[in-house]
Amino acid sequence: MLDLNIRGQVSIVGVGTAGCGEAPGQSELELLAMASFNALKDAGLTLKDIDGLATANLNAAMWPLNVVEYLGIKPSFVEGTNIGGSAFIAHQKPAMLALLTGQCNAVLVCYGSNQRTSTFGRRERGQARSLLDPNLFDEPYHPFDPPSSYAMMAARHMHQYGTTRRHLAEVAVAARKWAQLNPEAFQRGPLDIETVLKARMISDPFTQYDCCQVTDGGGAYIMTRSDRARDLKKKPIYILSNETAVWHKSVSNMQDLTVTPSLESGPKALKAAGVSIKDIDVVQIYDAFSINTILALEDLGFCPKGEGGRFVEDGAIAPGGKLPVNTNGGGLSCVHPNMYGAFATIEAVRQLRGEAGERQVKGAQTALINGNGGTSASSQSTSVLGTDNTL
Amino acid sequence: MNSPNTPPKLEPTVQTYLDQLRQGQFLIQHCTSCHTHLFFPRRFCIHCTEESLEWVKPKGTGFVYSTTTVRRKPDAGGDYDVSIVELDEGVRLMSTVQGISPEDVKIGMRVRLQILSAEPAPNKVVFIPEELTPQGDHHA
């Protein structure tokens, strides 16, 4: 087996977003392209520098081709794996290997969605998908997915570990408090625990506040080898590790509804990065639903299994708490254009660069990103990023 | 040529399962090689990688492994239950518990399988709390 030490050998050198929230009239390609444009400007690069592409989409069967054509690039490395919203984190390791083996020199990871304002949005795509990719064994029961699947995970966690709706509400309120510090966040209004608890149920035990936003938005970032990154415009943010685990598709085939694939990807990523949980200054967890944050904190090792609810009590992950989690406001309050992985990565980079304004975690040197994909934590991908102090 | 709105023809294993369901039988698979049960239906055993699966009729009893009430406006049909049921054979499936109000479905509740006629679609496997059912043939 090839023994390749990839820790810190590849960096993120540019990040960009576009149309986060509502972007009426813009296509998914346009949102992706404008986010990519902003990432290129951020890095001080042009499209001519891009010879690697990582992207995914929920409508097109051969999406990398759409992107290649729109941007007019001819990449020698393409990563089009779609395992849900974790994809844009899971793309990192294949891209790192491609960069380090000389297959390419600059990889653009990019995504765009207009699911909120498009005339062919979430609902229409769901209907088309049920013909192209039916689930004959779940569909007769009409789960309102993804909420229902994650709701059953939450219900099981509450049953086994005494987690409460108030614990779930703590996650939603913490995300909102971070969002209030982020001018880019879509939902910045006041929110307290009682409002969450009294809100109308969608799929028990979830109210609307336990569920991520449905927004438009584009997100992109650029990766190069670290030796080259040092000559670019912004200070490089080093990828110390990336590990992915993929366990199932439907919640009915999930082995234990309280244990996610992060139990595999998390410890592997920490080990490869040579850090422990105590070294992590800021955490970005793909919070598709409030329960995701609790499950990830447990499976990544921030607290023992079953203690996630108690861990988040009393604003522990909110601004001023013991662990800064989802400092942009997360999928719950900042932005959630269907697949969120790129946005978690972008926020981690902004924090490590010290560009996060009012929500900046002072002195953050090491960040953990945890992606989630599929309708029931089907795939998860964990990365550790660091500044040059962590090398 | 089929219209693009016509679902594709199903693979034989799934077709067999649905044909049995149409005839009022819910069958799962049992591996004659490693003696595990399997659901949903597949071509070979994913536990021992042998082509040794036979159709068997489960006892029809199990428990609610997890559950949610999907909220829906009354004029659209009202709230309904979605549950994951674990059969005593050890396999799980998504289903719905009927016969009680959705909010009264609880994790751990013992349930018994019933086949619900659903024309023209294939019949549907649903569950009712064991305490509400007379002992006997769940395929009755």
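Chain identifiers are assigned alphabetically (A, B, ...) following the order of the sequence lines, protein sequences preceding nucleic acid strands; residue numbering begins at 1 within each chain. Both backbone and side-chain heavy atoms feed into the values below; hydrogens, waters and symmetry mates do not.
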A.B. asks: Decide whether B:Thr61 and B:Asp88 meet the rule of one side-chain donor and one side-chain acceptor closer than 3.5 Å.
C.D. replies: yes

A.B. asks: Heavy-atom cut-off 4.5 Å, strictly under: side chain, backbone, both or neither for A:Asp256 against chain B?
C.D. replies: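 When you check distances to chain B, atoms from both the backbone and side chain of A:Asp256 fall under 4.5 Å.
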
A.B. asks: Would you say the side chains of A:Thr195 and A:Asp192 form a donor-acceptor pair under 3.5 Å?
C.D. replies: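 Yes, side-chain donor-acceptor contact under 3.5 Å.
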
A.B. asks: Quick one: does NZ or CZ of B:Arg42 land under 6.0 Å from the six-membered ring centre of B:Phe44, within 45 degrees of the ring axis?
C.D. replies: no

A.B. asks: Need one label for B:Phe39: side chain, backbone, both or neither, based on atoms under 4.5 Å from any heavy atom in chain A.
C.D. replies: both

A.B. asks: Measure A:Met254 against the heavy atoms of chain B and call it side chain, backbone, both or neither at under 4.5 Å.
C.D. replies: backbone

A.B. asks: Hydrogens and angles aside, do A:Asn338 and A:Ser113 bring a side-chain donor and acceptor to less than 3.5 Å of each other?
C.D. replies: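 A:Asn338 vs A:Ser113: no donor-acceptor pair found between side chains.
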
A.B. asks: In terms of heavy-atom proximity below 4.5 Å to chain B, should A:Gln127 be classed as side chain, backbone, both, or neither?
C.D. replies: neither

A.B. asks: Specify which of B:Met94, B:Arg72, B:Lys124 makes the most heavy-atom pairs with chain A at under 4.5 Å.
C.D. replies: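 The answer is B:Met94.
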
A.B. asks: Which pair of heavy atoms, one from A:Asp287 and one from A:Gly329, lies closest together, and at what distance?
C.D. replies: OD2-O, 4.2 Å

A.B. asks: With only heavy atoms counted, which part of B:Tyr65 is less than 4.5 Å from chain A, the side chain, the backbone, both or neither?
C.D. replies: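 The answer is both parts of B:Tyr65.
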
A.B. asks: Highest number of heavy-atom pairs under 4.5 Å with chain B: which of A:Ala154, A:Ala151, A:Ala128, A:Pro140?
C.D. replies: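 Among A:Ala154, A:Ala151, A:Ala128, A:Pro140, the one with the most close pairs to chain B is A:Pro140.
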
A.B. asks: Heavy-atom pairs under 4.5 Å with chain A - which of B:Val85, B:Thr67, B:Val14 has more of them than the others?
C.D. replies: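 With the most close heavy-atom pairs to chain A, the winner is B:Thr67.
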
A.B. asks: Heavy atoms only, distances under 4.5 angstrom: which of B:Thr69, B:Leu18, B:Val91 has the most pairs with chain A? Name it, please.
C.D. replies: B:Thr69

A.B. asks: Side chains of A:Ser379 and A:Ser86: any donor to acceptor distance under 3.5 Å?
C.D. replies: yes

A.B. asks: As an exercise: rank B:Thr96, B:Ile107, B:Val82 by heavy-atom pairs under 4.5 Å with chain A and give me the winner.
C.D. replies: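 So the answer, after comparing B:Thr96, B:Ile107, B:Val82, is B:Ile107.
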
A.B. asks: Side chain from CB out, backbone as N, CA, C, O: work out which of these in A:Ile202 comes under 4.5 Å of a heavy atom of chain B, or both, or neither.
C.D. replies: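 A:Ile202 touches chain B through backbone heavy atoms alone.
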
A.B. asks: Go through the steps to decide whether B:Lys57 and B:Glu89 satisfy the test salt bridge (charged side-chain N to carboxylate O under 4.0 Å, His left out), and finish with yes or no.
C.D. replies: CA-CA 10 Å; B:Lys57 179 173 159 178; B:Glu89 285 78 7; over 6 Å; no

A.B. asks: Charged N to carboxylate O under 4.0 angstrom, A:Arg166 versus A:Glu194?
C.D. replies: yes

A.B. asks: Using a 4.5 angstrom heavy-atom cutoff, name the option from B:Asp81, B:Val125, B:Leu93, B:Asp79 with the most pairs to chain A.
C.D. replies: B:Val125

